[in-house]
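Take a look at the structure set out below.
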Protein chains: 2
Amino acid sequence: MSNSFTRTTKQRNAVIEVLRDHKGFISAQDIHNFLKNSASTVGLSTVYRTMTALTTSNDVDVMLREDGEALYRLCSSVHHHHLVCRDCGTTIEIQADYVEAWAKDVSQAHGFSDIDHTVEIVGICKKCKK
Amino acid sequence: MSNSFTRTTKQRNAVIEVLRDHKGFISAQDIHNFLKNSASTVGLSTVYRTMTALTTSNDVDVMLREDGEALYRLCSSVHHHHLVCRDCGTTIEIQADYVEAWAKDVSQAHGFSDIDHTVEIVGICKKCKK
DNA sequence: TTGCTAATGACAACCATTGTCAATAAGGAA
DNA sequence: TTCCTTATTGACAATGGTTGTCATTAGCAA
Ligand SMILES: [Zn+2]
Ligand SMILES: [Zn+2]
Ligand SMILES: [Zn+2]
Ligand SMILES: [Zn+2]
């Protein structure tokens, strides 16, 4: 947790708490709704501001749902990708050195530089499979 | 072009024409704006409807920009991924059997089924590199 | 305790996307 | 060619996620 806040607030702690307790990716709107039905309510603006900060500090990963809504998740800081269950949201962090190397090779082969890549796998996990 | 339209219209042809002439990914809004300054103007709703149909028929690929806006591109129908220039939008279709196999293996190893995956590489192409 | 100011939250503004529906036009039938 | 059915269009409203505004609140260092 290397975020760049200069002060500690209960609102931010509440948001981070929700992220900690949630196993998969979750939207800002859902974090806000969840806290609405709890002891510590947090303004929607604050949720968004917190997510932006946590994203910048690399404490959370962002994933875009098909409709474009942003989903967030507390993640380890080492580079990795995700295997996500389409139903329950359960997320497994995956690493694959070969894929990293492949991305670099393909890019160089075509003369591209300053590479960034997206690799996500979505499917149905064992539990959700009937 | 195996779309499911039952009639041919000049509006749809105009939209497809724009996609043909555009080398990279382009948003519905931009297609609409481009046609606004041309002979054949097309309503925004029609642009969206056309993109939805072309996406369903697999004639165009969809890619989400960081801010969540959808970008479209006429693509070959064989499964592939993209190498995109962050600056000029130039797009190269890439295929990698190993990555396909890897996605399948990782999924199975974790008990996931009905897999779908996203693999995109963005960077700066040779021309745009200073 | 006090003072500075980061942080909050209610609210408005923004903007891509979808829904609505009366008017239009593609194209098969006659 | 003309007529008719209805797929398609487009202007406009509505939706919903996200960002901007700004007066008020509350960390925290002195
Ligand atoms: Zn599941
Ligand atoms: Zn990677
Ligand atoms: Zn493609
Ligand atoms: Zn370029």
Would one find a side-chain N or O of A:T9 under 4.0 angstrom from OP1 or OP2 of C:dA7? no
May I ask you to verify if any side-chain N or O of A:T6 is less than 4.0 angstrom from the OP1 or OP2 atom of C:dA7? yes
Does B:E17 pair with B:R12 as a salt bridge, N-O distance under 4.0 Å? no
In whole angstroms, the gap separating C1' of D:dT8 from CZ of B:R12 amounts to 7 Å
If you restrict it to nitrogen or oxygen atoms, what contacts under 3.5 Å exist between nucleotides 12-16 of chain D and the protein, and what is each distance?
from	atom 1	to	atom 2	distance (Å)
D:dC12	N4	B:S45	OG	3.4

Per B:R7 side chain, nearest of listed nucleotides D:dA26, D:dT9, C:dA26: C:dA26
Checking side-chain contact (heavy atoms from CB on, under 4.5 Å) against B:V122, which of A:D114, A:I115, A:D116, A:T118 comes through? A:D116
Please determine whether a side-chain nitrogen or oxygen atom of B:Q11 lies at a distance below 4.0 Å from atom OP1 or OP2 of D:dT8. no
Taking atom C1' of C:dA16 as reference, at what distance in whole Å does atom NE2 of B:H32 sit? 13 Å
Is it true that atom OH of B:Y48 has more than 12 heavy atoms of other residues, nucleotides or ligands lying nearer than 6.0 Å? yes
When the nearest nucleotide of DNA chain C is assigned to B:T8 and to B:A28 on a heavy-atom basis, which residue is associated with the more 5' position? B:A28
CD1-CG distance between A:I26 and A:N33, expressed to the nearest 0.5 angstrom: 9.0 Å
Using 0.5 Å steps for rounding, measure from the NZ atom of B:K127 to the CG atom of B:D87. 13.0 Å
Expressed in angstrom and rounded to an integer, what is the separation of A:D30 atom CG from D:dT18 atom P? 10 Å
Here's a test for you: under side-chain contact (heavy atoms from CB on, under 4.5 Å), which of A:R49, A:K36, A:Q29 qualifies with A:L44? A:Q29
Starting at atom CZ of A:R65, determine the distance to atom P of C:dT17, rounded to an integer number of angstrom. 14 Å
Separation of C:dT5 P from A:F5 CZ (nearest whole Å): 20 Å
Which of parallel (below 30°), tilted (30 to 60°) and perpendicular (above 60°) describes A:F25 and A:H82? perpendicular
Is there a chain of hydrophobic side chains (I, L, V, M, F, W, Y, each step under 4.5 Å between heavy atoms) that links B:V84 to A:V106? no
Would you mind telling me which of C:dG9, D:dT9, D:dT18 lies closest to the side-chain atoms of A:V42? C:dG9
Record whether the side chain of B:R49 comes under 3.5 Å of the base of D:dG10 through a donor-acceptor pair of N or O atoms. yes
In whole angstrom, what separates A:N13's CG from D:dG27's P? 11 Å
Mind checking the CD1-SG spacing from A:I121 to A:C85? Nearest 0.5 Å is all I need. 13.5 Å
Could you check how far CD of A:E66 sits from P of D:dG17, rounded to whole Å? 16 Å
May I ask you to check whether over 12 heavy atoms, not counting those of A:F5, lie within 6.0 Å of atom CZ? yes
Does OP1 or OP2 of C:dT18 have a side-chain N or O of B:Y48 closer than 4.0 Å? no
According to a 3.5 Å limit on both distances, what stems of 3 or more consecutive Watson-Crick or G-U pairs are formed with DNA chain C? C:1-30 with D:1-30
Just how far, in rounded Å, is C1' of D:dG17 from CG of B:L64? 14 Å
